[in-house]
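First up is the structure itself, then whatever we jot down about it.
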Amino acid sequence: MMNFVEDLRWRGLLHDIMPGTEEKLAEGVTAGYIGFDPTADSLHVGSLLQILTLVRFQKAGHKPFALVGGATGMVGDPSGKSAERNLLSEDILNHNLAGIKNQLEQFLDFDCGANSAEIVNNYDWFKNFTFLDFIRDAGKHITVNYMMAKDSVKKRLESEVGMSFTEFSYQLVQGYDFYYLWKHKNCVLQMGGSDQWGNIVTGTEFIRRKDGGEAFAITSPLIKKADGTKFGKTEGGNIWLSADKTSPYQFYQFWLNASDADAENYIKIFTFFTQNEVEELINNHLESPHLRLLQKTLAADITTRVHGQNALETALKTTDFLFNNGSLDFLKQLSTHQVLQIFEGIPQFTINKDEIETGIEALTLFAERTKIFTSKGESKKMIDGGGVTVNREKVTLSSKIFSELDLINNQFLIVQKGKKNYFLVIAS
RNA sequence: GGGGGGGUUCCAGAGCGGUCAAAUGGGACGGACUGUAAAUCCGUUACUUCGGUUUCGAAGGUUCGAAUCCUUCCCCCCCCA
């Protein structure tokens, strides 16, 4: 069986590890957990790393706990944040928790004996914990001096914005989580991103001081792109795991568009290929980089894992049409249903058919009848800059009128903003 | 409580009565090149019925004319007590 820590190490996923952790894991089936913040109703590609870490942990024979932060989500983690966070309402929080729980369930194995995964919600042990009990049972064991020494706190104390008592207390709440799981679930390891190191160590310290127990920590590095910019963002915003927020096609494209340098990293971080397999892939890619083997393998693997085989095939079909053999003649042979299938996952807008029969000016179409551009001014600038294509033909005049003659199959307009951003306009 | 500095377009940061929709840099977006890569170069970066219209912390005022001057208010930073 794979050595968990060794596996993380060659993948570049080991940022910090508490002394003794490897030895502890070597003793046998060990329980460990990672917490997920319910800041949205879906996880995104950034949290995918943590999910996969739990999966690797389980594959290495250990017992993973995924903790959803029903309680901590009510407080707000100050780590890595330069300003106080807004509190979420309880309704939103519950909605988010449900969504995240759903996603976690599709990755982990909950029925494999001793190391079956479990999902826990820290709201369960905090909901009946009174404030007085908390400050007596938890607060007494950690000094304020200790808490203030944490980077996340220190930075905010030095900054102009300050920090509320609520956020200051966050690390203690999370620390108590670790203690609770340690005490009741025999969970001795907490993992997370490097920004969580301070919070995690507060937990191990808490366990030591309160019960004289021993607990361990592993963190992964913050993922950045090779050029140093933030990972997981595109023009459209975050890349989410939920198909409602980021379609499988867009998800696939996100990975496919990775630069060579990034793809080499991502394939180690986000797939389960072995070291040999990864090396072979990279070598093959170096021999004929134009084939984009690395990106294609990466994108296919992750899309399948997150959205399933069928979704990948649809994404591939769409990609193939849009970027390889996307002739209009081909499209014209298809039924409406087939066209819509190809364009599944592409942003779509519906316009009034009567209106296009009388003719719609380009600017009106792009900025008012659809949201392809935010204003007529922007549309005009884009057209002038040569960045707008309709039905595979560059739009050169912003005064251009679109009529029913432009409709493909008497129904569709394919609009491109730049080369890669497609939109489907449907007249009905 | 006393003294000083400051709030400018996505960000940083110039401007300090007209030539300012506002320098410069960054970011973002687009174009060329390419491999839907990287690097590089180029363009755009408030809205518009293209006549204008609304922008420089907020509200008033002076002026033919203000981001630039005055008044009040809100917010931030620094020094002294």
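Residue numbers start from 1 in every chain, and the chains themselves are labelled A, B, ... in the order their sequence lines are given, proteins ahead of strands. Values reported hereafter were calculated over all heavy atoms of this structure, with side chains retained and with hydrogens, waters and symmetry mates removed.
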Heavy atoms under 4.0 Å, any strand shown: does A:Thr319 hit a base, just sugar-phosphate, or nothing? base

Using a cut-off of 4.0 Å on non-hydrogen atoms, how would the nucleic acid contact of A:Gln253 be classed: base, sugar-phosphate, or nothing? base

Among the nucleotides [options], which one has an atom lying closest to any side-chain atom of [X]?
| X | options | result |
| --- | --- | --- |
| A:Lys381 | B:U36, B:U45, B:G30 | B:U45 |
| A:His285 | B:U45, B:C29, B:G35 | B:G35 |
| A:Lys394 | B:A32, B:G35, B:C29 | B:A32 |

Determine the Euclidean distance between corresponding [atom1] atoms of [M] and [N]; express it in Å to zero decimal places.
| N | M | atom1 | value |
| --- | --- | --- | --- |
| B:U19 | B:A12 | C1' | 26 Å |
| B:U54 | B:U72 | P | 28 Å |
| B:U9 | B:A14 | P | 13 Å |
| B:G13 | B:C20 | P | 23 Å |

Per nearest nucleotide of RNA chain B, the residue lying toward the 5' end, A:Pro289 or A:Gly377, is A:Pro289

Nearest-nucleotide comparison on RNA chain B, the residue closer to the 5′ end among A:Ala258 and A:Leu363: A:Ala258

Value rounded to 0.5 Å, distance of CZ in A:Phe231 from CD1 in A:Ile239: 9.0 Å

Spacing of A:Lys268 atom NZ and A:Leu298 atom CG [to the nearest 0.5 Å]: 12.5 Å

Taking pairing as Watson-Crick or G-U wobble with both contacts under 3.5 Å, can you name the mate of [N], or confirm there isn't one?
| N | value |
| --- | --- |
| B:U49 | none |
| B:C16 | none |
| B:A58 | B:U72 |
| B:A28 | B:U44 |

Any N/O donor-acceptor pair, [X] side-chain to [N] base, under 3.5 Å:
| X | N | value |
| --- | --- | --- |
| A:Gln295 | B:U36 | no |
| A:Lys419 | B:U34 | yes |
| A:Asp260 | B:G35 | yes |

When the ring centroid of A:Trp255 is compared with that of A:Phe270, is the distance short of 6.0 Å? yes

A:Phe126/A:Tyr123 aromatic ring centres below 6.0 Å: no

Nearest-Å distance for atom pair [atom1]/[atom2], residues [X] and [N]:
| X | N | atom1 | atom2 | answer |
| --- | --- | --- | --- | --- |
| A:Leu291 | B:A37 | CG | P | 15 Å |
| A:Lys417 | B:G31 | NZ | C1' | 14 Å |
| A:Glu361 | B:C50 | CD | C1' | 12 Å |
| A:Lys420 | B:G35 | NZ | C1' | 11 Å |

Is the Lys NZ or Arg CZ of A:Arg56 less than 6.0 Å from the centre of A:Phe272's six-membered ring, within 45° of the axis? yes

Check whether A:Phe402 forms a cation-pi arrangement with A:Lys400 (NZ or CZ under 6.0 Å from the six-membered ring centre, at most 45° off the ring normal). yes

Return no unless some side-chain N or O of A:Asn421 is found under 4.0 Å from OP1 or OP2 of B:G30. yes

